[in-house]
Amino acid sequence: MGKKKDIKVKASQAGQKVRRILLWTLFVVLALIVLYPIVFLLAGSMMGNDELGSCLGAIFLGENGYARFPLLPKFPTLQHYIEVFMDSPGFFVMFWNSVKVTAGVLIGQFVVGTMAAWGFARYDFPWKKGFFLLYVILMLMPFQVLMLSDYLVLDRLLLTDNLWGIILPGVFSTFPVFIMYRFFAEIPDSMIEAAKLDGAKDWQLFVYLAVPIGSSGIIACMVLGFLEYWSLIEQPLTFLKDRSLFPLSIFLPDITSIGKSGMAFAVSVVTFFPAVLVFLGGQDYLEQGIMAGAVKE
């Protein structure tokens with residue numbers, strides 16, 4: 001009996017080991033599939049025009065056959081990065097446009113969003129739930145639904161063809177309020193009452209209590225805001241006519257020819273890199289923000 005039991009235990013352990021190996025193999029394959037576009041970008045940005053022509057000639061030159069794309073370039077070169085940084089002055093103009101838009105939106109969301117979230121979380125006023133429901137509804141509406149009304153309002157305020165026309169709608173975005181509201185609502189009432197007994201005023205409760213305790217939610221909103229506004233495409237194309245005001249996300253040149261495809265790959269990598277750094281730095285806070293947003297009242 002003891003031997004049969006040992007055999008069953010070993011068989012069970014062997015089965016678990018096989019399942020674990022299969023599961024990890026599946027995860028590795030899925031990870032490689034997800035990472036392939038990144039490898040595609042990096043490899044393309046370091047290929048010369050001749051190599052890109054041989055790989056993508058079926059697409060750009062109408063040659064017979066199929067396009068192919070190796071994981072590693074045969075003859076790596078930094079030619080396209082040099083072209084972007086040395087021979088493209090418009091790149092730096094659009095880079096700073098992206099910095100201005102992203103920084104302006106994040107600063108505005110930190111000021112406006114935290115105050116609005118604190119007001120919804122800690123104060124009672126008429127129609128509170130109705131206003132918060134309106135916030136949620138506005139959050140769920142895509143840009144295409146509000147595009148016309150946004151354009152008419154910005155045009156009336158003389159903010160079209162102006163970076164402020166991109167920044168101000170982002171400052172008053174409802175999504176950061178929704179995320180930060182959850183963190184502020186979880187602050188114990190006993191802690192707030194204790195602070196009030198010690199003589200803390202409303203603004204002190206907000207600055208010295210709410211902001212530090214809700215810092216995880218605030219950082220999560222900042223990370224999400226950066227990822228969204230660093231890569232804006234629809235809003236600049238809708239509200240901006242002057243190409244000198246375009247952000248980096250729409251700097252990509254015409255890629256219908258081999259001569260410019262390498263530069264397009266390089267610009268994509270340069271645009272993608274800051275977003276990756278911000279995501280990796282705020283990943284833990286981002287997970288906390290998503291989990292808090294999923295909690296039902």
Would you say [X] and [Y] are hydrophobically clustered, going by side-chain heavy atoms of ILVMFWY under 4.5 Å?
{"X": "L227", "Y": "L280", "value": "yes"}
{"X": "L277", "Y": "V267", "value": "no"}
{"X": "F272", "Y": "V270", "value": "yes"}
{"X": "M191", "Y": "V207", "value": "yes"}
{"X": "L138", "Y": "M180", "value": "no"}

Minimum heavy-atom separation for [X] and [Y], please, with both atom names.
{"X": "V84", "Y": "F92", "answer": "O-CE1, 4.5 Å"}
{"X": "T77", "Y": "G48", "answer": "CG2-N, 3.7 Å"}
{"X": "I192", "Y": "L209", "answer": "CG1-CD2, 3.9 Å"}
{"X": "L163", "Y": "K100", "answer": "CD1-CD, 4.1 Å"}
{"X": "W164", "Y": "N162", "answer": "N-OD1, 2.9 Å"}
{"X": "A121", "Y": "F184", "answer": "CB-CB, 3.6 Å"}

Output yes when a side-chain donor or acceptor of [X] lies under 3.5 Å from a complementary backbone atom of [Y], and no otherwise.
{"X": "H80", "Y": "F265", "answer": "no"}
{"X": "T102", "Y": "V99", "answer": "no"}
{"X": "K196", "Y": "K201", "answer": "no"}
{"X": "K128", "Y": "Y123", "answer": "yes"}
{"X": "Q109", "Y": "G170", "answer": "yes"}

Measure the spacing between [atom1] of [X] and [atom2] of [Y] and express it to the nearest 0.5 Å.
{"X": "L245", "Y": "L240", "atom1": "CG", "atom2": "CG", "value": "5.5 Å"}
{"X": "L154", "Y": "D161", "atom1": "CG", "atom2": "CG", "value": "11.5 Å"}
{"X": "Q79", "Y": "M86", "atom1": "CD", "atom2": "CE", "value": "14.0 Å"}
{"X": "L140", "Y": "T174", "atom1": "CG", "atom2": "OG1", "value": "8.0 Å"}
{"X": "T271", "Y": "M94", "atom1": "OG1", "atom2": "CE", "value": "11.0 Å"}
{"X": "F120", "Y": "F125", "atom1": "CZ", "atom2": "CZ", "value": "4.5 Å"}

What pairs of donor and acceptor atoms, side-chain ones from residues 21-43 against any protein atom, are under 3.5 angstrom apart with sequence neighbours left out?
unit_1, atom_1, unit_2, atom_2, d
T25, OG1, I21, O, 2.7

### Task
Given side-chain contact (heavy atoms from CB on, under 4.5 Å), test W203 with Y208 step by step and report yes or no.
CA-CA 8 Å; W203 69 269; Y208 297 110; 4.0 Å; yes

### Task
Test F183 against I213 for side-chain contact (heavy atoms from CB on, under 4.5 Å), laying out the working first.
CA-CA 8 Å; F183 285 85; I213 294 178; over 6 Å; no

### Message
Quick check: W230 with F226 (ring centres under 6.0 Å apart)?
### Response
yes

### Message
So that I know where these two stand, are F132 and Y181 an aromatic pair - ring centroids less than 6.0 Å apart?
### Response
yes

Any non-hydrogen side-chain atom of [X] less than 4.5 Å from a side-chain atom of [Y]?
{"X": "V211", "Y": "W118", "value": "no"}
{"X": "F85", "Y": "L78", "value": "no"}
{"X": "N97", "Y": "L248", "value": "no"}

### Query
Can you pull the ring pair (Phe, Tyr, Trp, His ring centres under 6.0 Å) pairs that have at least one residue in residues 137-157, sequence neighbours excluded?
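Checked against ring pair (Phe, Tyr, Trp, His ring centres under 6.0 Å) - neighbours excluded - the pairs reaching residues 137-157 are F143-F239.
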
Residues forming a side chain to side chain donor-acceptor pair (under 3.5 Å) with [X], sequence neighbours excluded:
{"X": "D189", "value": "R122"}
{"X": "Q204", "value": "none"}
{"X": "S244", "value": "D242"}
{"X": "S45", "value": "Y81"}

## Note on the structure
In S173, S98, P247, S249, the residue satisfying side chain to side chain contact (heavy atoms under 4.5 Å, CB included) with Y229 is S173

### Task
Apply the test side-chain contact (heavy atoms from CB on, under 4.5 Å) to residues E234 and Q144: give CA-CA distance (whole Å), side-chain angles for both, the deciding distance (0.1 Å), then the verdict.
CA-CA 9 Å; E234 294 175 324; Q144 292 81 358; 2.6 Å; yes

